[in-house]
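Taking it in order: structure first as structure tokens, then the write-up.
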There are 2 protein chains.
Amino acid sequence: MKVLIIEDDALHRSYLHEAVRSALPECDAVMESENGRLGEIDARKLRAEFVVMDLQMNDRNGIEAARTIWRERPDTKILFWSNYSDEAYVRGVSRIVPGGATYGYVLKSTSDERLKLALRSVFLESQCVIDREVRGIQQKGMGAGHGLSDAEYEILVDVALGLTDKTIASRKKLSLRTVQNRLQQLYEKLDVYQEAGDDESRYNLRTRAVAVALMRRVLNASAVERAERDLQDDADC
Amino acid sequence: MKVLIIEDDALHRSYLHEAVRSALPECDAVMESENGRLGEIDARKLRAEFVVMDLQMNDRNGIEAARTIWRERPDTKILFWSNYSDEAYVRGVSRIVPGGATYGYVLKSTSDERLKLALRSVFLESQCVIDREVRGIQQKGMGAGHGLSDAEYEILVDVALGLTDKTIASRKKLSLRTVQNRLQQLYEKLDVYQEAGDDESRYNLRTRAVAVALMRRVLNASAVERAERDLQDDADC
DNA sequence: GCTTGTCCTGCGGGAACCCGCAGATCGCTG
DNA sequence: CAGCGATCTGCGGGTTCCCGCAGGACAAGC
């Protein structure tokens, strides 16, 4: 049994190494990659079946790396180990996990015990382990709370990229008015409105929405980057 | 001599503790706070003269914490120890450092030696130590490169907050047209334009600009949050 | 003095936005 | 089937944005 660690912080990497060693004595090789790009290459080269990785990495995002790894071997078991439970990350992960794949999502703030438990559960028993807090974010996304639906999230991303209503409409094969309708749903969900009062302190709803999304951690820079890359790919086709 | 460590990651905190101990044997007490908010309180309580802190923290940003610490004791010596050299952070720091204060900015990726050297230089010899890479970002901001001037940065932040041209004008006591002029400078600097070609893939310049700024790390979520808080304060007055 | 450059300001028009109103489609339920 | 709700679509308007053109204020340099 071989385990691949993808993590760009040296301290965390060695900590993970130690945790894997002690949690999985049946593991006979622990490899390390120090960013997402190298992680993809190493995973391919080693035919890794067991991966534990960070999400926020400089060179190449954990989500992107996981996506290509899963594309090549959908049965790879991946344990995400992240600092944050931002909705953007949680949503990003659940967006790329292939059907039936087993994975885990634990926060770096959890105890040694839980990390080791998660390692064993995910890798040996093919059980999905999601931290309580992360679970909460997931729920909020689906439930009737002020979370965003998929349609709303998609339009949020397009708007955050700086696209025009018309452009979004033609990309999504929708009418212009429909796009604007969804935008208004979005504004409502994000609690963004014209500050009806005087001539002071009005908002540009469109940019205000992305500001609020950023502050609520619904969106983050890497989500925008991923979308940008998808956009470029579309354009090339 | 007492040193206060403000860092929310347990691993990094203990690593820093060790580094301080070995770099500064004359230091007789090392305290730790595990986020920005507690850091402010502890610094006040302990009358800390020497602080080493992270920038990216969950509860309260390193920049905000440093601002209040420096406001209370401008001669505090602070060494920032950060993962990133995002322009948003670098600019944020240099925006709050009081005249004549000594501080340092080193990246977490630098070696033990350099970290210890920085600790001694900043704390004992009152010398400012800025990592080479960070220095590079600073230069780019000032120099004739495609970095942003202060005026452009300010308007970028206001736009990112979602304010209207008119609102910005009245807040900044400028004419509407002037604000729009600056916006156009900004668009040029960020290389944002209408994609003149067809009817496809046009941009909404305003939101496109914040997207590009996010991707170039000129802006980040915490910069937006800080601006938002300032905005609310203004409104209250 | 004149010129040159940089910054601020006003005007005007075309485009994009925000949004209310109304009709059309589709799925669901009694 | 009739009725209801949710979603998509078109139209029209008021507002805001993007930007070219043109003038005025001020400093620096020939």
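FYI, side chains are in, hydrogens and waters are out, and symmetry mates aren't considered; it's all heavy atoms of this structure. Quick note on labels: first sequence line is chain A, next is B, and so on, each numbered from 1. Being a predicted model, the structure only gives us computed values, none of them experimental.
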Can you tell whether the side chains of [X] and [Y] come within less than 4.0 Å, N to carboxylate O?
{"X": "B:Glu225", "Y": "A:Arg216", "answer": "no"}
{"X": "B:Glu152", "Y": "B:Lys189", "answer": "yes"}
{"X": "A:Glu72", "Y": "A:Arg44", "answer": "yes"}
{"X": "B:Glu64", "Y": "B:Arg229", "answer": "yes"}

Fill in: N/O donor-acceptor pair under 3.5 Å between B:Thr178 side chain and B:Leu174 backbone
no
Distance check needed: [N] [atom2] versus [X] [atom1], whole Å only.
{"X": "B:Glu152", "N": "C:dT6", "atom1": "CD", "atom2": "C1'", "answer": "13 Å"}
{"X": "A:Arg208", "N": "C:dC18", "atom1": "CZ", "atom2": "P", "answer": "15 Å"}
{"X": "B:Leu176", "N": "C:dC8", "atom1": "CG", "atom2": "C1'", "answer": "12 Å"}
{"X": "A:Leu186", "N": "C:dC18", "atom1": "CG", "atom2": "C1'", "answer": "14 Å"}
{"X": "A:Leu183", "N": "D:dT7", "atom1": "CG", "atom2": "P", "answer": "15 Å"}
{"X": "A:Asp165", "N": "C:dA15", "atom1": "CG", "atom2": "C1'", "answer": "12 Å"}
{"X": "A:Ile155", "N": "D:dT7", "atom1": "CD1", "atom2": "P", "answer": "13 Å"}
{"X": "A:Gln185", "N": "D:dC8", "atom1": "CD", "atom2": "P", "answer": "7 Å"}

Discussion item. Can you pull out every ring pair (Phe, Tyr, Trp, His ring centres under 6.0 Å) where at least one residue sits in residues 81-106 of chain B? Sequence neighbours excluded, please.
Written reply: B:His12-B:Trp81, B:Tyr15-B:Trp81
Worksheet entry | The single option from B:Arg182, B:Arg91, B:Arg171, B:Lys172 passing salt bridge (Lys or Arg N to Asp or Glu O under 4.0 Å) against B:Glu154 |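 Passing option: B:Lys172.
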Response to the item:
Readout for nucleotides 19-27 of chain D: B = base within 4.0 Å of protein heavy atom, S = sugar-phosphate only, - = neither; 5' to 3' it is BBB------
Worksheet item: Is the distance from OP1 or OP2 of D:dT9 to the nearest side-chain N or O of A:Thr178 less than 4.0 Å?
Response: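 For D:dT9, OP1/OP2 do have a side-chain N/O of A:Thr178 under 4.0 Å.
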Fill in: Contact under 4.0 Å: A:Thr164 side-chain N or O vs C:dA16 OP1/OP2
no
Worksheet item: For DNA chain C, whose closest nucleotide is more 5', that of B:Asn204 or that of B:Val179?
Response: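 Whichever sits nearer the 5' end wins; that is B:Val179.
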